[in-house]
Amino acid sequence: MTNAAMIVTSDPVIGDDLLRLAAAADTGAEIIRDAGEARAGWQGPPLVLVGAESAEEIAAAGLPRRQGVVLVARQAETDDVYRKALQIGAQDLAVLPDDESWLIDAMAAASEPVEAWGTTVCVCSSRGGTGASVFAAGLALSAARIGARTLLVDGDPLGGGLEIVLGLEDHEGARWPDFADRRGRLSAATLREALPGLGDLSVLSWRRGAPVPVTEDAMRSLLDAATRGFDLVVVDVPRHPGEIGRCALRAADVTYLLVPAEVRAAVAGDVTAAALRRETAELRLIVRTPAPGGLTPEVIAEAIGLPLAGVLDCDRRLPAILEEGDLAQALRRRGPLADLCGQLVSDLGFHPQEPMAEAA
């Protein structure tokens, strides 16, 4: 196990406490007793935890300033700790036992350095029955097919389960109830390993039966792990988002609004877009055809005031394919869904000839 933290302390109580917290974070840590020993590895580990009793010695040693230094004190010895923190160039101060959870998260974060954050995309619709869930699944499948590690998140507890669209309902793995009360940092590797999937695509969906409430803390923890562990995160957001949907919309780099080429749906799309603009950073339009009254995608885009990202034409093959739970089949050959999703994946910056960013 690689050491994510160097612990510089002559206090055996602080040392034992910090080793216990490192074990809770599932990471390694090494105890250093004095400044001379600390000098050799000072720039190495992502995190350096300095006991308050050793701060004066570290400051006197003139060690170079660096990021990731935390001064750790016991509650009974908090006098003058801010001055000591400044002396050693610490960016944070942790007091035991109050800040144990924070220290566990910090050590876990140090053991998972992230070179690049994944892209988060949300998919919404102006009304029910537009095929937004199928579109979200198609987008995720298209990205996974060209080598992007992709997570598809089912944000609709009443939607019947996105895993059925992909034929994964009988696959073993974690579902939303397993994360519903999660607090604190979640390991990206743990998330990837826990979920069912197809190749480079992992799926987080719901179990059958009554939905389990998911806390805001749990959703934030999961999205944080997802962006560290996957190149692309696609969230299917229901028309009434709830806590899961709102957290995802706020975290999204891009949100696609799917609107059928019908007058009533376009009016509903205008109302939906107004609500989504308050929650998400960048909103783009996908128009679904056919247009019974001849309403064009360009007219709808102008009326709603959104950039037109693409048009999803009707594919008569899809209903039968979806009944069989094999959406991947529709993506193996050219067709409206495969063509649009391939274009959008490329627009997001994912290309088969380029290696995907490695995230821990």
Side-chain angles (χ1 to χ4, degrees), residues 1-118 183-191 217 220-221 223-225 227-229 357-360:
M1 180 183 295
T2 302
N3 287 333
M6 174 195 289
I7 300 169
V8 184
T9 182
S10 58
D11 185 333
V13 175
I14 286 183
D16 288 347
D17 282 345
L18 292 178
L19 287 177
R20 172 176 54 84
L21 298 180
D26 195 24
T27 189
E30 178 187 13
I31 290 186
I32 302 298
R33 301 295 179 184
D34 57 58
E37 192 180 352
R39 184 182 296 278
W42 182 252
Q43 298 288 5
L47 193 64
V48 176
L49 307 174
V50 180
E53 86 296 336
S54 297
E56 302 279 0
E57 183 185 358
I58 292 294
L63 298 177
R65 297 299 171 104
R66 51 155 292 171
Q67 294 295 310
V69 177
V70 179
L71 183 73
V72 182
R74 288 187 285 173
Q75 207 155 34
E77 53 182 25
T78 54
D79 292 345
D80 213 19
V81 287
Y82 291 103
R83 182 186 62 81
K84 291 179 178 179
L86 287 173
Q87 276 186 322
I88 63 172
Q91 288 82 49
D92 289 291
L93 167 65
V95 178
L96 297 174
D98 293 353
D99 294 325
E100 285 194 353
S101 294
W102 183 89
L103 281 165
I104 291 172
D105 286 349
M107 289 193 221
S111 69
E112 285 190 322
V114 178
E115 295 178 6
W117 294 96
R183 299 188 66 179
R185 187 179 176 90
L186 173 63
S187 162
T190 298
L191 178 62
D217 283 344
R220 286 177 177 171
S221 175
L223 283 175
D224 175 67
T227 54
R228 285 183 278 112
E358 283 293 322

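In this chain, residues are counted from 1 in sequence order.
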To the nearest 0.5 Å, how far apart are CG in Leu21 and CG in Asp105?
10.5 Å

Could you give all pairs that pass the salt bridge (charged side-chain N to carboxylate O under 4.0 Å, His left out) test and reach residues 55-64, with sequence neighbours left out?
Glu56-Arg83

How long is the straight-line distance from CD1 of Ile31 back to CG of Leu19, given to the nearest 0.5 Å?
4.0 Å

If I take atom CG from residue Leu47 and atom CD1 from residue Ile7, how far apart are they, to the nearest 0.5 angstrom?
9.0 Å

With sequence neighbours excluded, residues passing side-chain hydrogen bond (donor to acceptor under 3.5 Å, both in side chains) with Glu100
Arg20

Within the side chain of Thr227, is there an N or O that forms a donor-acceptor pair under 3.5 Å with the backbone of Leu223?
yes

If you look only at distance, which donor and acceptor atoms sit under 3.5 Å apart when one is on a side chain in residues 67-76 and the other is two or more places apart or in another chain?
residue, atom, partner, partner atom, Å
Arg74, NE, Asp11, OD2, 3.3
Arg74, NH2, Asp11, OD2, 2.8
Gln75, NE2, Asp98, OD2, 2.7

Reported CG-to-CG distance for the pair Leu49 and Asp17, which is rounded to 0.5 angstrom
12.0 Å

Interatomic spacing from CZ in Arg220 to CG in Asp224 - rounded to 0.5 Å
11.5 Å

Please report the closest heavy-atom contact between Gly51 and Ile14, naming both atoms and the distance.
CA-CD1, 4.4 Å

Which residues satisfy the salt bridge (charged side-chain N to carboxylate O under 4.0 Å, His left out) test with Asp16, sequence neighbours excluded?
none

Keeping the roles fixed (side chain from Trp42, backbone from Pro64), state whether a donor-acceptor pair exists under 3.5 Å.
yes

Can you name the residues that form a side-chain hydrogen bond (donor to acceptor under 3.5 Å, both in side chains) with Thr9, not counting sequence neighbours?
Glu53

Looking at Ser54 and Ser10, what are the two nearest heavy atoms and their distance?
OG-N, 3.4 Å

Would you name the heavy atoms of Arg228 and Trp117 that are closest together and state the gap between them?
CG-CZ3, 3.0 Å

Closest heavy-atom pair and its distance - Met107, Leu18
CE-O, 3.7 Å

Write out all pairs satisfying side-chain hydrogen bond (donor to acceptor under 3.5 Å, both in side chains) with one or both partners inside residues 28-41, taking only residues at least two apart or from two chains.
none

Specify the closest pair of heavy atoms between Pro45 and Ala4, including all atoms of both residues, with the distance to one decimal.
CB-O, 3.8 Å

Heavy-atom nearest pair, Gly41 first then Met6, reads O-CE, 3.0 Å

